[in-house]
Amino acid sequence: MKKIMAVNAGSSSLKFKLVAMPEEKYIAEGIFERIGSKDAVFKICLVLENGEKKELKKETMAIKNHAQAVSILLEDLVNLNIVKELNEITGVGHRIVHGGEYFDKSALVDEEVLEKIESLCDLAPLHNPAHLIGIRAFMAVLPDTPSVVVFDTAFHQTMESVAYMYALPYAWYEKYRVRKYGFHGTSHDYVSKRAAVLHKKDVKDLKIVTLHLGNGASLCAVKNGKCVDTSMGLTPLGGIPMGTRSGDIDPAVVEFISTKEKLTAKEIVNILNKGSGYLGISGISNDSRDMEAGIKRGDARCRLALDLQYKRIADFIGSYYVYMGGIDIIVFTAGIGENSKRCRRKIMERLAVLGVKINTEANENSEGETLISANDSNIAVYVIPTNEEIMIARDTMTLINN
Ligand code: ADP
């Protein structure tokens, strides 16, 4: 059995899962939050045979930086008897948000790879610098353990220029690589492949649309196993409205509001990222559960917040239907896609024109991987829990073995 550490480092957080391979079973998982503060929180759980989690430690402590967090984590893995020795960890796989045009697949980390990720910090200023800190922190403490990087953008690199280019001056693409990249690729890749397995067909013979609906949300059109289009853009701000992000808007809004409210472009983009979507429309929250509760109280703005998102999702699905020449399967995944029956029902109702028919009972009671469309539906609709860490562990194993 090999043990792979799957890591997702954010600017002040670090999430990890220790995965047994090739069994693909979780051994332990945890999170550091508020790294860089006196009251950082470290939590680590053991994952039991039945999948339940047993909390081994939850502590508030001062943690200066990611390197210190990684040292604490590795010490505790031994102290808490999760591993006997650190050399049992055969590889560390890191999730990286932006791989630009450099990476169409995962890569073994070396100096050149790190330089490329560094050069993409402009495109993902909140994420890539944090990932680099995470990678270097593990390399410092485990210098002999290979690291692998797995990119959110890589799966989308198969799009053709007609799907990824913006109709902007071509020089902006030549000089700055301004184009659509797409994100959540690891999730779209995983659930599209699972859908083919559940549907008992080769993914190469299918047209699939995957809906990753979490706090961040994106859609992906997967034809014959390859991404042909996706909703997010140069950054994760594009596409459909989300918890706090606007999704696509008329770009002229930026100058208009800049004049009216005396704000800079940077300040406005910050509001498009953090103060829009569910939060902006409802004025209450970025959480879909709060929107659903608001609707029950008769709050029209909560209803509008969800309706705006569902309409845009249906619009994208319609456009993918045309672009791919049909759709065989639609998949719901991530926090909202996996949990909100109302969201799934409302979107499926909008798709009735494409011959989508819901199996109401299956939708209401779905647990884990579930077919929620009726037998005579033109398009099969599944709920499939996403599993990005398993994809990270798989790629890490493959690259290390090579
Ligand atoms: P991210 O990883 O992008 O932060 P998640 O995939 O965890 O997000 O999804 C978070 C979203 O999932 C939140 O909007 C939350 O309200 C929603 N969610 C979680 N559970 C439920 C539920 N039972 N019903 C409706 N929405 C849910």
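In each ligand, atom 1 is the first atom listed, and ligand 1 is the first ligand listed.
- Between His98 and His131, the ring center distance fails the sub-6.0 Å criterion.
- Atom 11 (C) of ligand 1 has as its closest protein heavy atom Ile336 CG1, 3.7 Å.
- In terms of modelled atom types and a separation under 3.5 Å, the side chain of Arg344 and the main chain of Gly337 share a donor-acceptor contact.
- Closest to atom 16 (O) of ligand 1 among all protein heavy atoms lies Asp287 OD1, 2.2 Å.
- Near Ala334, with a cut-off below 4.0 Å to any heavy atom, the atoms of ligand 1 are 6 (O).
- Within the 4.0 angstrom cut-off, atom 2 (O) of ligand 1 has no protein heavy-atom neighbours.
- Comparing Ala293, Ser288, Gly337 against atom 25 (C) of ligand 1, the shortest heavy-atom distance belongs to Ser288.
- Counting only N and O atoms by type, the side chains of His184 and Ser218 include a donor and acceptor under 3.5 Å apart.
- Asn215 N, 3.7 Å is the protein heavy atom nearest to atom 10 (C) of ligand 1.
- In terms of heavy atoms, Gly326 sits closest to Lys207 at O-CD, 3.4 Å.
- Using cut-offs of 30° and 60° for the angle between ring planes, the Tyr164 and Tyr173 rings count as tilted.
- With Thr386 as the fixed residue, the side-chain contact (heavy atoms from CB on, under 4.5 Å) test singles out one of Arg194, Met391, Glu338: Glu338.
- Distances from atom 20 (N) of ligand 1 to the heavy atoms of Thr333, Thr386, Asn339 show the closest one on Asn339.
- From the protein, the heavy atom lying nearest to atom 24 (N) of ligand 1 is Arg289 CG, 3.6 Å.
- The Gly335 neighbourhood of ligand 1 comprises atoms 5 (P), 6 (O), 9 (O), 12 (O), 17 (C), 18 (N), 19 (C), 27 (C), with distances under 4.0 Å to a heavy atom of that residue.
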Would you please test Glu88 and Lys2 for salt bridge (Lys or Arg N to Asp or Glu O under 4.0 Å) and show each step? CA-CA 7 Å; Glu88 284 172 39; Lys2 299 236 155 100; over 6 Å; no
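- Close contacts between ligand 1 and Gly216 involve ligand atoms 3 (O) [criterion: under 4.0 Å to a heavy atom].
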